[in-house]
Protein chains: 2
Amino acid sequence: MPPMRYKAGIETRDKILAATRLLIATDGLEGTTIKAICNEAGILPGSFYNLFDSKEQAILSVVRQAIDAVDPDLAHRGTDTLADLVEAYVRFMEEDDNLASVYIRIAFSGANNSDLRGRVLRHHQGRVGRFAAAMQRSAPELTTEQAERRAETLVSALNGIALHRVLDPDFDVAWHARVLLEDAAAVT
Amino acid sequence: MPPMRYKAGIETRDKILAATRLLIATDGLEGTTIKAICNEAGILPGSFYNLFDSKEQAILSVVRQAIDAVDPDLAHRGTDTLADLVEAYVRFMEEDDNLASVYIRIAFSGANNSDLRGRVLRHHQGRVGRFAAAMQRSAPELTTEQAERRAETLVSALNGIALHRVLDPDFDVAWHARVLLEDAAAVT
DNA sequence: TTCAAATTAGAATGGACACTCAAATACTGA
DNA sequence: TCAGTATTTGAGTGTCCATTCTAATTTGAA
């Protein structure tokens with residue numbers, strides 16, 4: 001595995017990642033074979049293995065992209081409202097179409113693979129934490145544990161919405177997400 | 001494929017279905033191989049193919065069981081409240097553990113297979129319809145379309161909860177489902 | 001008890017898959 | 001231009017999978 005010194009290698013690597021991303025998003029993990037990736041990228045298996053040690057490695061790269069894209073670092077400021085967080089998720093799903101499908105498909109299809117599972121679970125924890133913090137900011141009477149639990153409800157429900165959209169591209173994510181948000185807000 | 005006249009055949013068939021159900025629930029579709037099924041059922045491939053035409057057929061049988069179990073025919077009376085429907089779903093998930101996991105895993109992992117996809121989608125439609133009807137019963141000011149949309153939100157969100165539980169068996173489905181229900185009820 | 005049919009055993013087949021490798025070609029710094 | 005390394009090629013390897021087949025065994029009705 002020579003270390004990509006020439007332009008051609010970098011371009012091929014990008015083509016491979018784009019192909020992998022597209023395939024996971026549209027066909028799921030089981031449809032994402034080396035042959036399919038090479039086909040989509042317009043290369044041959046030898047080239048793939050010149051740049052990646054394994055299929056797993058390419059998939060992990062794409063998953064990392066997806067996880068990074070779910071909540072942009074805006075959220076780190078610690079001043080976002082719940083509405084901001086939900087809106088960011090909705091925007092991600094609408095704009096970063098394929099990456100969003102990757103995120104959802106991996107979170108649940110690939111849940112048996114230990115590497116992927118760990119990565120996704122850790123990310124989910126952080127995500128719930130951020131939602132909980134935002135809830136407490138707007139409703140300080142909630143204990144941390146109460147906020148965590150309600151945040152878990154909301155995040156899981158949002159994932160359900162996102163999941164539905166993977167199956168039905170016309171599903172109006174923005175509308176349904178807003179309903180969940182408003183319902184939750186009306187109570188707290 | 002001789003037509004199961006003897007007791008032994010029926011027992012073997014049951015063992016195969018139980019093994020398939022367990023494997024889909026715990027390992028997902030990709031872990032459900034003929035070898036694994038035979039292993040779990042304590043038989044050999046020859047016996048499997050004496051009773052089923054294909055692996056697909058066994059899986060479809062299990063999926064049919066799961067779909068039938070999601071909402072027992074109680075719901076057909078057309079007098080259920082939203083709370084009844086949610087409670088029935090929660091009970092299904094808590095009592096029929098493996099079948100519930102099968103339902104969720106198939107709905108999303110197997111979403112590429114045309115046969116499974118059609119079956120699951122059709123079932124989902126009916127399910128949303130029943131939730132919408134219950135909503136309209138308790139809030140007659142809603143138009144049919146409004147009720148349908150809100151029902152879709154709730155059912156998707158519930159599926160998100162159910163999905164989370166497949167990944168984390170300790171997830172408190174009943175509690176989170178109740179939160180969703182109450183939040184939705186508080187608004188309408 | 002007997003016999004035809006049901007059931008099981010278990011090796012064998014063919015295809016798809018992830019991955020390897022040696023040879024050919026393309027690139028770029030000197 | 002040229003040498004040396006990056007990159008591509010495409011056929012090949014071994015493994016695992018679903019499925020098939022034939023011979024053996026078991027069943028139960030008469």
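All heavy atoms count here, side chains included; hydrogens, waters and symmetry mates do not. So you know, we letter chains A, B, ... as the sequences are listed, proteins then strands, and number each from 1.
What separates CD1 of B/I16 from P of D/dT19 is a distance of 13 Å, to the nearest Å.
Looking at B/N159 and A/L163, their side chains never come closer than 4.5 Å, going by heavy atoms from C-beta outward.
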Worksheet item: Run the side chain to side chain contact (heavy atoms under 4.5 Å, CB included) check on B/L82 and B/L154 step by step: do they pass?
Response: CA-CA 10 Å; B/L82 207 52; B/L154 181 55; 3.9 Å; yes
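Checked for salt-bridge contact, A/R165 and A/D97 meet the test: a charged N lies under 4.0 Å from a carboxylate O. A salt bridge links B/R91 to B/E87: one of the charged nitrogens lies within less than 4.0 Å of a carboxylate oxygen.
On the nucleic acid side, DNA chain C has its first and last nucleotide under 4.0 Å of a heavy atom of chain A at C/dC17 to C/dT28, going 5' to 3'.
No donor-acceptor pair under 3.5 Å is formed between the side chain of B/E148 and the backbone N or O of B/V128. Under a 3.5 Å cut-off, the side chain of B/R137 and the backbone N or O of B/G78 do form a donor-acceptor pair.
Looking at residues two or more places apart in sequence or on another chain, you find a side-chain contact (heavy atoms from CB on, under 4.5 Å) between A/E11 and A/K7. Qualifying side-chain contact (heavy atoms from CB on, under 4.5 Å) partners for A/S47, counting only residues two or more places apart in sequence or in other chains: A/I43.
Across all strands shown, A/I34 has heavy atoms under 4.0 Å from sugar-phosphate atoms exclusively, and none from any base.
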Please list, for nucleotides 25-30 of chain D, all pairs of protein and nucleotide N/O atoms separated by less than 3.5 Å.
from: D/dT27; atom 1: O2; to: B/Y6; atom 2: OH; distance (Å): 3.3

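Using a 4.0 Å cutoff on non-hydrogen atoms, the parts of residues 43-55 of chain B near DNA chain C are B/L44, B/G46, B/S47, B/N50, ordered by number.
Listed by chain and number, the hydrophobic cluster partners of A/W175 are A/V179, where partners are ILVMFWY side chains within reach of under 4.5 Å, directly or through others.
The aromatic rings of A/Y103 and A/Y89 sit perpendicular to each other, their planes meeting at more than 60°, with 30° as the lower class boundary.
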